[in-house]
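Convention: sequence-line order gives letters A, B, ...; per-chain numbering from 1.
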There are 2 protein chains.
Amino acid sequence: MLPSSTVENYLKAIYVGETHLTDGQKLVPMGQLAGALGIAPGTATTMVKALAESDLVDYEPYNGVRLTAAGQKLAARVLRRHRLIELFLVQVVGMKWDEVHDDAEQMEHVVSDALIERIDEMLGRPEVDPHGDPIPTADGQLPHRTLETLLTCPLHTPVTVARVTDQDAAFLRFIESHNLKPGQTIEVEARDDVSDSVRLKAPNGVRMTLGTRAASKLLVTG
Amino acid sequence: MLPSSTVENYLKAIYVGETHLTDGQKLVPMGQLAGALGIAPGTATTMVKALAESDLVDYEPYNGVRLTAAGQKLAARVLRRHRLIELFLVQVVGMKWDEVHDDAEQMEHVVSDALIERIDEMLGRPEVDPHGDPIPTADGQLPHRTLETLLTCPLHTPVTVARVTDQDAAFLRFIESHNLKPGQTIEVEARDDVSDSVRLKAPNGVRMTLGTRAASKLLVTG
DNA sequence: TCGTCAATTTTGATTAATCAAAATTACACC
DNA sequence: GGTGTAATTTTGATTAATCAAAATTGACGA
């Protein structure tokens, strides 16, 4: 019984949902899941019960859902495919990083293992995709680096952009046009809670200001 | 109402079915369609009636089905995608020509126009795929060369393999291992109806014998 | 303790795609 | 012209995925 694209999408959404859980939570709420997938809450309930039946998730009524080991393995596989495909489309095919998400979203469910292996090989077993998101290994491990956001990193200190955690095309174009893509070195000069903003110096020396919402999507390493 | 993968597959099957019609026929029989798609005959009937409702096909009960102009346009688009993707996977990704069919079959329904355009550009607007099958143009024209099979081409005359009309992986591996891929020059030395076979000289000078069934799948130009 | 409200689950329906098996039709042959 | 066969269509069901709206639950504040 190989999983349908729909099942794969549920698992993937739960997987990333788990990584977004604040503090000691271990269950992804149904509402959040339904929201992430853009479906009605009742639909999510029905589907999750079926996933639980297949031992892909643990489901606690009214509390939420969590992946089992089997579910985690499948989810990691899908995420691996997605990120490899994104990198491939940018690196090999020459598409822009803001236009590859939808193609990857579709292709991740349908391409053969042989094609994924070829892509992985062509790209030299990469560890991160064009957005700096880590690529799960073939055996399902998700490498984890601890990164800081522009809201928490040290001031007046050069840091390197490592990851951009937003797939929105307009946001990505903004990042690119201001030279803030992963790999670029920048420096946070000031933060201001009142104006809800962060001021920073871009690689070319240009100063600019971001809202905290946007700033929280840029992850950096010291 | 963009067409589902299923609808695209029906249209594609009717499209290629039409090209296989003998003499003056203009309708693809339901049985043949169902067979090509691997579905029950009743299912084909139901679906074709729906396609007729959407003006993608003309349907004559008990006689068969034919594409309308709109259906033809869609079918050509899918076939174009399929063949461009196959060539891409061979040429750029380095997959073998006998292993790209299934990936192309899936990807043809899901990749963006932007990706197809990039692929077409990378490949230099190619006219044929790795099997020598012509690639429909972006506006839906299917370039047609008149080719002969090994059953009809002149004897004792060098001819160039132009097309292999069978997607079966084992057959393709056979063709490759005997140096009979498109572009190779060969010569038919004899045909024999009784033994149902064709004898030919491969590029390396090696003599070999094919059954007429296999020989009919090799198309050549003088 | 109790009521309220938001989140969740249930219920009842719908759509697309499919099958098996029964009914029908076309046609060719005697 | 009748008849049998093969192709085709109909019929009745099934599965996966979905929605809207009604019912339920659980937690929190009064």
Side-chain angles (χ1 to χ4, degrees), chain A residues 1-14 17 20-66 71 74 78 105-106 108-110, chain B residues 1-14 17 20-66 71 74 78 105-106 108-110:
Chain A
M1 238 51 60
L2 62 159
S4 66
S5 295
T6 304
V7 167
E8 291 188 340
N9 281 331
Y10 274 86
L11 296 176
K12 195 175 51 156
I14 297 167
H20 290 337
L21 286 180
T22 35
D23 58 79
Q25 314 288 54
K26 17 185 215 222
L27 292 173
V28 178
M30 297 314 258
Q32 177 178 317
L33 178 59
L37 291 169
I39 60 180
T43 307
T45 298
T46 308
M47 187 64 185
V48 162
K49 284 201 282 192
L51 294 177
E53 205 58 39
S54 312
D55 285 316
L56 293 171
V57 302
D58 291 328
Y59 168 54
E60 293 181 16
Y62 293 102
N63 285 328
V65 65
R66 166 184 42 225
L74 273 176
V78 179
E105 200 71 25
Q106 295 296 130
E108 67 188 10
H109 305 297
V110 303
Chain B
M1 241 52 59
L2 63 160
S4 65
S5 295
T6 305
V7 166
E8 290 189 341
N9 281 331
Y10 275 84
L11 296 176
K12 194 175 53 155
I14 297 167
H20 290 337
L21 287 179
T22 35
D23 58 78
Q25 313 290 53
K26 14 186 218 224
L27 292 174
V28 178
M30 297 313 256
Q32 177 178 316
L33 177 59
L37 291 169
I39 60 179
T43 306
T45 299
T46 308
M47 187 63 184
V48 162
K49 284 200 284 193
L51 294 177
E53 205 58 38
S54 313
D55 286 315
L56 294 171
V57 303
D58 291 328
Y59 169 53
E60 293 182 16
Y62 293 101
N63 284 329
V65 65
R66 167 184 42 226
L74 273 176
V78 178
E105 200 71 25
Q106 295 297 129
E108 68 188 11
H109 305 296
V110 303

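Across the protein-nucleic acid pair, E60(B) atom CD and dC27(C) atom P stand 11 Å apart, rounded to whole Å. Between H109(A) atom NE2 and dA16(D) atom C1' there is a gap of 16 Å when expressed in whole angstrom units. Between M47(A) atom CE and dT9(C) atom C1' the separation is 17 Å, expressed in whole Å. Between the CD atom of Q32(A) and the C1' atom of dT8(C) there is a distance of 14 Å, rounded to whole Å. Here dA16(C) presents its C1' atom at 14 Å from CE of M1(B), a figure rounded to the nearest Å. L51(B) places its CG atom 11 Å from the P atom of dT18(C), with the value rounded to the nearest Å. One interatomic measurement links the two molecules: CG of L33(B) to C1' of dA7(D), which rounds to 14 Å at whole-angstrom precision. One atom, NZ of K49(B), and another, P of dT15(C), lie 18 Å apart when rounded to the nearest Å.
When each of M30(B) and A40(A) is assigned the nucleotide of DNA chain D with its nearest heavy atom, M30(B) is the one assigned upstream, toward the 5' end.
If you check dT10(C), dT18(C), dT9(D) against the side chain of Y62(B), the one that comes closest is dT9(D). Between dT25(C), dT18(C), dT24(D), one nucleotide has an atom nearer to the side chain of T46(B) than all others, and that is dT18(C). When each of dT8(C), dC19(C), dT9(C) is scored by its nearest atom to the side-chain atoms of T45(A), the top-ranked nucleotide is dT9(C). Nearest nucleotide to the side chain of P41(A), out of dC19(D), dT9(C), dT9(D): dT9(C). Of the candidate nucleotides dT8(D), dT18(D), dT8(C), dT18(D) has the atom lying nearest to any side-chain atom of Y10(A).
Counting heavy atoms from C-beta outward, Y59(A) and E53(A) have side chains that stay 4.5 Å or more apart. Between V57(B) and I14(B), the closest side-chain pair of non-hydrogen atoms falls below 4.5 Å. Residues H109(B) and V7(B) have side chains not in contact (no heavy-atom distance under 4.5 Å, counting atoms from C-beta outward). Side chains of P3(B) and L74(B) form a contact here, defined as non-hydrogen atoms less than 4.5 Å apart.
For Y59(A), no side-chain nitrogen or oxygen approaches OP1 or OP2 of dT8(C) to under 4.0 Å. Between dA17(D) and T43(A), no contact under 4.0 Å exists linking OP1 or OP2 to a side-chain N or O. Checking the phosphate oxygens (OP1, OP2) of dA17(C), a side-chain nitrogen or oxygen of S4(B) falls inside 4.0 Å.
Of the charged side-chain nitrogens involved, at least one lies within less than 4.0 Å of a carboxylate oxygen, so that K12(B) and E105(B) count as a salt-bridged pair.
Among the protein residues, T6(A) comes within range of the sugar-phosphate backbone only, with heavy atoms under 4.0 Å from sugar or phosphate atoms but none that close to a base. Among the heavy atoms of the strands lying under 4.0 Å from G42(A) is at least one base atom, whether or not backbone atoms are also near.
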